[in-house]
Amino acid sequence: MKPKLRTSKKYLPLLTFIILNLLLACDKKIENPDTGLNDELNFSQSDYESILENKILNIDSLNIDSTNITGRSLNDNLDTLKYIYSTKDYKPIFIKSFESKNVVDSLLDIFGNSFQHGLNPELYNYTQIKKEFYESINPDKKDSDKYVHLANAEMLVADAILSYSIHMRHGVINPRKLYPDSYFLPVKDSLNKKLFEPFIQENIIQYLYNIQPQSDKYKKLQTALKQFESLMEIEWPIIPVTEKKIEIGDNYSSLNLVVNRLTTLGFLDTNKVKSSDFSVYDSLLAEPVKSFQIANGFNGDGVIDKSTIQRLNITPKEYVNKIKITLERFRWLDYSDTSKYILVNIPDFRLYAVENKTEKFNIVICTGRKGEWETPNLYGEISYLVLNPTWSVPKSIIQEEIVSGLRKDSLYLKKRNFKVYKSGSRVSLDGLSASDISSSNRYSIVQDPGAGNALGKIKFMFKNPFGVYLHDTPTRAPFKYVNRAVSHGCMRVEKPMLLAEYLLANNSPWNLDYIKIEIGQKVSDQNKVAEFNIKRNELRKNSSYGVTTEVKFDKIISLFVDYYTVWVDNKGIFNYRDDVYGRDKVLMKSFLEIE
């Protein structure tokens, strides 16, 4: 039976087994010493401590190997370790004697299983710790050599624990350094008081288990990593890409390959398919194709086209690498404990409303175009709505689009309800040319509220340094695109009224009917219309600018604009999206260099 990539009931026994083993591992009495080794090997506490102190005080490197197998310098943490040991009078912290074998084995078990987090165990000196400690308890070694090896093992363990703790809590890579122009989500400070936490633990093993990411999205992706790694062992033939679209009833010579791939990926149960000789594409096979397409961000029309085949040809190794870097992204920031928030995942082109870890609904969105207009990763707090907004056109858009539109049509500005100002004074549109606007930086352009306003009838405001916000739009066609990176950086919302209703609930004297009336939409309940007419002046008091109105919330709502291209959804289905801005490519390069 080929591995499936859906989390279903048949995986419950396996998941239960894994969870029980993890709990048992956490409960192990690892502090019990391997009694007898100290007597057997004539352990001298003073000799060991003297060699360890001398090593710490007099070395400029760990002096085992300048780098470990991964290429990570063992000296990255050296200054920190020197300081920590100085506060402990240079006494051993983790490996107290030869009888610390159980502790070392438990640590090796944790570091060795770091591959479950998409990480290389050698980042944590796995091979060297094992070598140094077991050399220290080799009865054929001289006593002085044993203590040197034991001291080496202690320092390597301390270095590994420090690195592992940082990586589990904060990630391996600092996203602000990797993406200085696009990553503005909160970054947890690794250089804080928690840096020294591992060195004051009574049970370091329990501590290292506890700091591993616990969110559902992280654990589900760990399961997917294991499943895709198992697929790397099987044959993965390339399905020939056809320019012709294969629809129901068409003959298709590569259909067997498509069926096999869908089966392997868990989208088709061949027990339900009678024929073993697939040559005609029928409605029975179209359903799993649709499911695969939807899981990959396509429209799910069931037509086997070039894009579908290209996605089917993604190799297990590519999946594995995508999962590894996404686990890293999830280590950067975990907002799963936030009780109520809005999440935008840029590559997914969707907005999710999440409350108490449950998805309430999701909405299709458009994001910024690749290049100059890319939507950044950011955090904000949605605090108010703007109804019937005006649009102050950014200078960059004036030069890129307004000037071009005016060159093509002298009535471009009038048709779109634009007002033009020069040095703050309004100027007539008559006779105003594209060359006038392009030749001077003193022009500003504002679009009045109305049917053609680029922001539509409503925008959702949150403070950020980029002037980015969520908003309605009169341009509807892009919501049907697969790649919806079409805006100037803001996020267009396909169903703004659904989002508004959610944000307003128990959070404002306004309600959805009032919003609809204010922006000119029809409300069938005339009692609501009469009610709003009575309350309108008070509702708009101190928040009205002509036809434009601000609707403030009683409570702010957190917004996370993030970027990840693979995840397991709430139905247990593995999802994959294109790396629309190339941010995965940047992370992959940096991540693989470390490994």
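Heavy-atom basis, side chains included; hydrogens, waters and symmetry copies ignored.
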salt_bridge(Glu235, Arg261) N-O dist < 4.0 Å: no
Polar side-chain atom of Glu287 near backbone of Leu284 as donor-acceptor pair, under 3.5 Å: no
Heavy-atom side-chain proximity of Glu374 to Arg369 below 4.5 angstrom: no
Pairwise side-chain contact, Phe228 with Lys317, heavy-atom cut-off 4.5 Å (strictly under): no
Sub-4.5 Å side-chain heavy-atom contact between Tyr563 and Asp584: yes
Parallel, tilted or perpendicular: rings of Tyr564 and Trp567 (30°, 60°): perpendicular
Tyr218 and Phe330 aromatic ring geometry - parallel, tilted or perpendicular at 30°/60° bounds: tilted
Nearest non-hydrogen partners of Ile211 and Met168, listed with the distance: O-CB, 3.6 Å
Side-chain donor/acceptor of Arg492 to backbone N/O of Leu470, under 3.5 Å: no
Test item: Tyr179 side-chain N/O and Arg583 main-chain N/O as donor-acceptor pair under 3.5 Å: yes
Parallel, tilted or perpendicular: ring planes of Phe560 versus Tyr335, cut at 30 and 60 degrees: parallel
Flag side-chain contact, heavy atom, 4.5 Å: Lys324 against Leu327: no
